[in-house]
Amino acid sequence: MVSQTLDLNHIPPIEIATEAIGRADDLRFLHKHVGKSDKVAVVRGIGGMGKTTFVKAFVATHRADFDHIAWIGSSENLVASVANDTQLHQSLGLHFTEELPEDRFLKVMSALNQCPGNNLLVLDNAETSLTDTLVQNKPLAQWLPGAHWKKIATSREHLTGFQEYPLERLEPDHALDLFRLHYPSDDSNRDVLALIELVDYHTLTLEILAKTLAKDRGRGNITLAKVHDSIANHRLHDDDLQKLIELEHPGDKSGVYKHLFGAFEVVKLDAAETAALQLFLLLPTDGLVENAGHPLSFFEGDFPLPEILKPDIVEVFDNLVDKGWLERDKENRYKLHRLLREVLLYKIKPSVEAAEGFIWYIANLFNFDVNTNFPKLFPLLPFGDAVIELYADSRNEAISLLQNNLGSVYEETSNYKKASQLLEAALASSLASFVESHPNVATSKSNLANVYRRMGRQTEAALLMEAALVSDLANFGALHPTLFLRRSNLANVYYSMGRLDKAAPLLEAALASDLARFGESHARVALIKSNLAVIYNDMGHHATAATLLETALVDDIARFGEMHPNIAVSRTNLALVYRNLGRHVEAIQLLEAAYASDLANFGESHPNIAVHYNKLALIFVSIGNYEKALRHFQKALSIFKIVYEENHPDINTVNKNIIITISQGAAAGDPAMLALQAQLDKEAKPTDG
């Protein structure tokens, strides 16, 4: 037994005597088997049977057995939950800025492995994420901490390869105790048990019905007999609903959903309560803060509350807690149970028109321009995802804007697959809502083109960007600011295609326009200078490129500070120019500073980090340090292979750089490169026969 247990993050509290009724034998059984195994123990049961409450009771009962305890409250999206748990990060001594979620997850798992003693990790609502979600081509389960950690997960699904512990329905006497805990009435045990049996001993349904009866006590609107009759007589005559239940929730789950639909009819929510629950349907399931729910302060400020909730939102939320439809913790953070969410989505899901104000609000959270430190938007991504999940097939203009903005932010996280899916949907929506020449269509094409360019789909990117430019030229005229933005983006596409002759004039025109409109110190001017300098450098105009980049870097540092992503871009571009001018020491210093900045902003697996490795390697080639160059090329290649498809141009470029480096090193007499060249020659030599 340990002297004191350290909670690494928020461990949900529980009153075992009142919340874990009838689970003493189950607790003893789980404790016996968890102590003997290093495998993940999966507590499995149908939704709403109290799996989370049961594991909370286990932790409270046996916490003295463990040195460290960590609780991941939304393991269905385990990577995001770990990445956003700031309390866990602080306890482990980790400091994150805006790294990508996967990088945070891996660092947390590594830090957990370093914790001494006998420890416990709880993964609530894991579902199939442990087996189906991959990080660096490995299932999440393989990244969990090792033998000195006991691991318990809860799931509604069967998880192959784990030790499962089924959580069955409560025994009749225990179900009766639970019901009377929430509704201690004079009704006979026989009548109460009749209702309990009618809802098949389902814990969540029992709690909702008991709390509803208690809330109505003395008013006479709802009685045990009325509840029993309502549930007994409730028939799902809606054919679509029957099909939905049987298709999405087959087997024993179908009864659960029928009972909950019946409970919904009994409760009779008023207009304000309905509006509040509709609001929770639009929000991420697991809350704003450390997966513990949404604090009241979250709904203040410019949050678009429905008018009916503005007079007293606290009273409405607390009424829903009293009736069992919302959960509230001691810090007054509110959550909607996942199972209830599924029921409510069918019964009261708001139309896209009704939710439009909220959707515009979320879409505008993701607006960013050249001045924005876009990694600060990464933690907001679950809010965009939650809305898109509800209205993915909608052609609403607000949804289209959200898809556009969200896709562009996902592009910056290097999740190009998801970014392209969102932006393709946004383009389809724009084309369905507007004529081909509409400015919104041009914006959608331009945003999608930017992602295609990064994915190596240059021809498609060029066609989309050229079409956007033609459309904007017809709509706005040659001197409109939008035209110069489009030309700048098209120039980037042409540069990626190696068409410097077409890229340079576009950026020169954009620079002249922005200088006239904004002056030397504007962020857009600095960005165009940086992009143009890259082209001039490749064209051999190194001195001109250096002048452009030096002024752009000075302006950007004054505007954004040392750690903004734009600064890293300018430093990287200037480093390559200095390399061509023979200023290798300065080039290495710039690249190392850019690397440190991007590492803090994006984490180790972002393509920006690979770019730094690749460009540092080029400088090491220039100064004849071939072995160091090769190591950096290989680091770049390993990251690019994680982010990109197999034949992406950046992968091909690094592979070519590796071959060239080995060849040049061998020609210079470097022993290591001579050995590698001999190996390559041997592999390339055709075999006899």
Would Asn364 and Asn367 satisfy side-chain hydrogen bond (donor to acceptor under 3.5 Å, both in side chains), going step by step from the backbone distance to the final call? CA-CA 5 Å; Asn364 287 321; Asn367 279 334; 3.0 Å; yes

Test His564 against Asp556 for side-chain hydrogen bond (donor to acceptor under 3.5 Å, both in side chains), laying out the working first. CA-CA 9 Å; His564 193 282; Asp556 275 349; over 6 Å; no

Are Arg453 and Asn492 close enough, and set up right, to give a side-chain contact (heavy atoms from CB on, under 4.5 Å), and what steps lead you there? CA-CA 8 Å; Arg453 175 179 66 84; Asn492 290 335; 3.9 Å; yes

I'd like to know whether Ile619 forms a side-chain contact (heavy atoms from CB on, under 4.5 Å) with Asn625, so could you lay out the CA-CA distance, the side-chain angles of the two residues, the decisive distance to 0.1 Å, and finally the verdict. CA-CA 9 Å; Ile619 295 174; Asn625 193 336; over 6 Å; no

Test side-chain contact (heavy atoms from CB on, under 4.5 Å) on Arg571 and Glu562 and set out the steps. CA-CA 10 Å; Arg571 281 176 168 152; Glu562 293 280 347; 2.3 Å; yes

Should Phe299 and Leu283 be marked as a side-chain contact (heavy atoms from CB on, under 4.5 Å) after you check the CA-CA gap, both sets of side-chain angles, and the distance that decides it? CA-CA 11 Å; Phe299 301 98; Leu283 296 171; 3.9 Å; yes

Step-by-step side-chain hydrogen bond (donor to acceptor under 3.5 Å, both in side chains) determination, Asn447 to Tyr452: CA-CA 9 Å; Asn447 290 343; Tyr452 281 172; over 6 Å; no

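For the pair Glu412 and Arg454, the salt-bridge criterion is met [side-chain N within less than 4.0 Å of a carboxylate O]. Salt-bridge check for Lys335 with Glu327: failed, with every basic side-chain N at 4.0 Å or more from each acidic carboxylate O. A salt bridge does not link Lys417 to Glu424: none of the charged side-chain nitrogens sits closer than 4.0 Å to a carboxylate oxygen. Arg63 has a carboxylate O that lies under 4.0 Å from a charged side-chain N of Asp7, or vice versa, which qualifies the two as a salt bridge. Between Glu411 and Lys418, no side-chain nitrogen of the basic residue sits less than 4.0 Å from a carboxylate oxygen of the acidic one, so the salt-bridge criterion is not met.
The shortest distance between side-chain heavy atoms of Trp143 and Leu78 does not fall below 4.5 Å. Counting heavy atoms from C-beta outward, Leu380 and Val409 have side chains that stay 4.5 Å or more apart. Looking only at side-chain heavy atoms (C-beta outward), Leu30 and Phe54 come within less than 4.5 Å of each other. Proximity of Thr572 to Asn608: side-chain heavy atoms (C-beta onward) are nowhere separated by under 4.5 Å. Thr131 has its side chain out of reach of Glu157: every pair of non-hydrogen atoms, C-beta onward, lies at least 4.5 Å apart. In this structure, Glu300 and Ser297 have side chains that are in contact, with non-hydrogen atoms separated by less than 4.5 Å. Using a 4.5 Å heavy-atom threshold, the side chains of Cys115 and Trp149 count as touching. When side chains are defined from C-beta on, Leu630 counts as touching Met673, because their heavy atoms get closer than 4.5 Å.
If you look at Tyr613 and Tyr595, their ring centroids are closer than 6.0 Å. Ring to ring, Tyr578 and His584 are not that close: their centroids are 6.0 angstrom or more apart.
We find the CD1-OG distance between Ile69 and Ser91 to be 12.5 Å, quoted to the nearest 0.5 Å. Between the CD atom in Gln136 and the CD atom in Glu102 there is a gap of 7.0 Å [rounded to 0.5 Å]. With values rounded to the nearest 0.5 angstrom, Phe280 atom CZ is found 7.5 Å from Leu336 atom CG. Atom CG of Asp132 is separated from atom CG of Leu140 by 9.5 Å, given to the nearest 0.5 angstrom. Atoms CD1 and CD, from Ile639 and Gln634 in turn, are 12.5 Å apart once rounded to the nearest 0.5 Å. Put simply, CZ on Arg579 and CZ on Phe620 are 12.0 Å apart, with the number rounded to the nearest 0.5 Å.
The two residues Ala386 and Pro284 come nearest to each other via the heavy atoms CB-N, 3.8 Å. Shortest non-hydrogen contact noted between Thr661 and Ala629 is CG2-CB, 4.3 Å. Leu130 approaches Pro139 most closely through the heavy-atom pair O-CB, 3.6 Å. The two residues Ile14 and Ala60 have their closest heavy-atom pair at CG2-CB, 3.7 Å. Contact record, Pro145 with Asn113: CA-OD1, 3.5 Å, taken as the closest heavy-atom pair. For the residue pair Leu402 and Gly384, the shortest heavy atom distance occurs at CD2-O, 4.0 Å.
Ring geometry for Phe66 versus Phe58: interplanar angle of 30 to 60°, hence tilted. The aromatic rings of Tyr165 and His33 sit tilted, their planes meeting at an angle between 30° and 60°. Ring-plane geometry between Phe358 and Tyr361 is classed as tilted, the angle between the planes lying from 30 to 60 degrees on a 0 to 90 degree scale. Ring-plane geometry between Phe298 and Phe383 is classed as tilted, the angle between the planes lying from 30 to 60 degrees on a 0 to 90 degree scale.
Between the side chain of Thr653 and the backbone N or O of Pro649, at least one donor-acceptor pair lies under 3.5 Å. At least one donor-acceptor pair under 3.5 Å links the side chain of His89 to the backbone N or O of Val82. In terms of modelled atom types and a separation under 3.5 Å, the side chain of Asn655 and the main chain of Ile651 share a donor-acceptor contact. Ser597 places no side-chain N or O within donor-acceptor distance of the main-chain N or O of Ala568, the cut-off being under 3.5 Å. Put simply, the side chain of Arg104 gets close to the backbone of Ala83: a donor and an acceptor are under 3.5 Å apart. Using a distance-only test at 3.5 Å, with no hydrogens or angles considered, no donor-acceptor pair links the side chain of Asn9 to the main chain of Gln87. No donor-acceptor pair closer than 3.5 Å links the side chain of Ser530 to the backbone N or O of Ala526.
For Lys138, the NZ atom is densely surrounded, since the number of other residues' heavy atoms within 6.0 Å is greater than 12.
For the residue pair Asp598 and His612, a side-chain donor N or O sits within less than 3.5 Å of a side-chain acceptor on the partner. If you check the side chains of Asn118 and Asp65, you find no donor sitting under 3.5 Å from an acceptor.
Not a single salt bridge (charged side-chain N to carboxylate O under 4.0 Å, His left out) links Asp650 to another residue, sequence neighbours left out.
Checking Val554, Leu553, Asp555 one by one against Ser570, the side chain to side chain contact (heavy atoms under 4.5 Å, CB included) holds for a single residue, Leu553. Checked against Glu164 for a salt bridge (charged side-chain N to carboxylate O under 4.0 Å, His left out), the options Arg156, Lys51, Arg44 give a single hit: Arg44.
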